[in-house]
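Whatever order the structure lists them in is the order used to number ligands and atoms, beginning at 1.
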Amino acid sequence: MREFFMHSYSLIASAKINLYLEIIRARPDGYHDLVMVLQSIDLADQIDLHSRSDDSICLHCNHPEVPQDHNNLAYKAAALMAAKFPDAFAKYGGVDITIHKRIPVGAGLAGGSTNAAAVLIGLDLMWNLKLSDKQLQYLGSLLGSDVPFCIVGGTMLATGRGEYLTPLPVLDSFYVVLGKYRSLSVSTAWAYQTFRHLYFGSHVSDSLTIENLRQPVCSADMVSAINHQNQQQIGQLIYNDLERVVLPEYRKVQRLKEEFQRLGCPAMMSGSGPTVFALTNSQAKAQQVLESVKTAIADPDLELWVSRFTPSSIRVASFHK
Ligand code: ATP
């Protein structure tokens with residue numbers, strides 16, 4: 001009979017924003033080769049893990065749009081750990097996963113990915129596996145492109161699908177104002193497929209489109225600005241290719257970006273959106289920008305947050321062994 005280990009872990013799982021997202025090419029496997037600069041922020045979910053006396057995985061979440069079954073990325077992370085480490089799963093038993101959602105869903109902030117990363121890290125600790133970051137990132141890559149970043153977090157250059165990661169110097173002096181319309185969410189798959197169709201489709205032969213696509217390519221400048229901690233240049237170089245397909249479709253998101261810019265802040269959509277972020281260098285300025293945008297747009301559907309850059313993604317808040 002199994003010995004019952006009553007373990008519990010509470011983890012804080014941070015969201016991310018994309019300071020830079022450039023789509024280099026469409027790959028035959030349906031994915032895209034990207035160059036991204038990813039940044040963890042302190043807007044975070046809380047993930048509680050409790051061991052169970054049976055061998056089931058159960059998931060609860062307080063957000064109505066988040067699946068509570070095997071479709072949840074956090075559930076998939078636990079199922080993957082159980083499949084990869086059957087001896088540990090047999091020894092320690094199943095797990096109750098409770099997600100306290102604070103990161104908006106379908107927002108381009110990697111909410112699902114960071115929850116999955118927290119479960120991989122939490123079960124590694126609970127099951128005493130002592131996996132390295134590299135091993136955890138490999139497991140994360142089987143779940144989704146942003147999960148490997150979420151294992152470590154901070155400020156990273158990501159290439160390939162997002163799984164090849166190079167740490168960059170920590171940027172910790174930025175504050176960020178986030179804006180998202182509660183009723184809007186963008187499917188990441190839709191955004192990439194639309195981009196692929198418009199810019200990499202077999203019908204694209206005209207030189208204007210190809211020239212248009214070549215224009216940005218300033219990831220090296222962004223990396224250099226980060227290496228030199230040059231805040232002004234970082235603000236000038238933020239970039240996201242997916243804005244080209246999302247902003248024309250969602251005019252409210254375009255308007256929100258323009259409002260941040262009108263207030264003098266560098267602003268950009270994160271990932272596949274529709275969250276827009278604006279950079280500031282103090283909390284007071286960020287709060288002031290938030291209040292100004294709230295007044296200027298005056299739409300109860302618009303949610304705004306002040307957050308700040310953070311040097312890691314997942315941290316253990318408490319545990320009981
Ligand atoms: P990314 O920036 O990685 O593309 P996102 O922030 O745009 O992700 P998520 O919040 O991760 O999007 O949610 C995308 C979809 O994934 C949601 O519509 C939801 O149904 C599903 N999902 C599965 N697991 C989770 C989870 N743990 N948290 C949030 N959404 C989840």
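Remark: Arg244 qualifies as a cation-pi partner of Tyr199 under the 6.0 Å distance and 45° angle criteria applied to the six-membered ring.
With values rounded to the nearest 0.5 angstrom, Leu49 atom CG is found 8.5 Å from Thr98 atom OG1.
Using a distance-only test at 3.5 Å, with no hydrogens or angles considered, no donor-acceptor pair links the side chain of Asp55 to the main chain of Gly94.
The Asn115 neighbourhood of ligand 1 comprises atoms 26 (C), 27 (N), 28 (N), with distances under 4.0 Å to a heavy atom of that residue. Residue-ligand proximity, Lys101 to ligand 1, at heavy-atom distances under 4.0 Å covers atoms 28 (N), 29 (C). Shown in contact with Glu65 at under 4.0 Å from a heavy atom are these atoms of ligand 1, numbered in order with element: 20 (O). Distances below 4.0 Å separate heavy atoms of Lys16 from the following atoms of ligand 1: 2 (O). Here is the list of ligand 1 atoms found below 4.0 Å of a heavy atom in Ser113: 3 (O).
Taking only nitrogen or oxygen atoms, main chain and side chain alike, Gly106 reaches within less than 3.5 Å of ligand 1. Between Leu109 and ligand 1, an N or O atom pair is found at a separation short of 3.5 Å. Polar contact check, Asn72 against ligand 1: a nitrogen or oxygen pair lies under 3.5 Å apart. For Ile99, no nitrogen or oxygen atom sits less than 3.5 Å from a nitrogen or oxygen atom of ligand 1, counting backbone and side chain alike. Ligand 1 has no nitrogen or oxygen under 3.5 angstrom from a nitrogen or oxygen of Val66.
Hydrophobic clustering (side-chain heavy atoms under 4.5 Å, transitive across Ile, Leu, Val, Met, Phe, Trp, Tyr) groups Leu168 together with Leu237. Note on Tyr31 and Ile23: separate hydrophobic clusters, where clusters join Ile, Leu, Val, Met, Phe, Trp and Tyr whose side-chain heavy atoms are under 4.5 Å apart, directly or indirectly. Cluster annotation: Ile121 is not connected to Leu73 through the hydrophobic network of ILVMFWY side chains, with a link wherever side-chain heavy atoms come within less than 4.5 Å.
The nearest heavy-atom contact from the protein to atom 19 (C) of ligand 1 is Pro67 CD, 3.8 Å. Nearest to atom 2 (O) of ligand 1 among the protein's heavy atoms is Ala110 N, 3.0 Å. Nearest protein heavy-atom contact of atom 24 (N) of ligand 1 is Leu73 N, 3.0 Å. Scanning the protein for heavy atoms near atom 15 (C) of ligand 1, the closest one is Val105 CG1, 4.9 Å. Looking only at heavy atoms of the protein, atom 4 (O) of ligand 1 is closest to Thr188 OG1, 2.9 Å. Taking atom 3 (O) of ligand 1 as the reference point, the nearest protein heavy-atom neighbour is Asp146 OD2, 3.0 Å.
Taking the six-membered ring where the residue is Trp, Tyr75 and His70 present perpendicular rings, their angle passing 60° and hence far from 30°. Between Tyr92 and Trp127, the two ring planes are parallel [angle under 30°; tilted spans 30° to 60°].
Within the set Gly108, Ala74, Ser185, the minimum heavy-atom distance to atom 5 (P) of ligand 1 is found for Gly108. Considering each of Gly162, Ser187, Gly112, the one bringing a non-hydrogen atom nearest atom 11 (O) of ligand 1 is Gly112.
Just one of Leu139, Val119, Ile57 meets the side chain to side chain contact (heavy atoms under 4.5 Å, CB included) condition when paired with Met81; it is Leu139.
You'll find the side chain of Phe195 reaches within 4.5 Å of the side chain of Phe200, heavy atoms only.
What you find for Leu256 and Lys180 is that their closest heavy atoms are CD2-N, 4.5 Å. The two atoms that bring Leu109 and Pro104 nearest to each other are CD1-CG, 3.7 Å, heavy atoms only.
Residue contacts with ligand 1 include Asn71, since one or more of its heavy atoms lies under 4.0 Å from the ligand.
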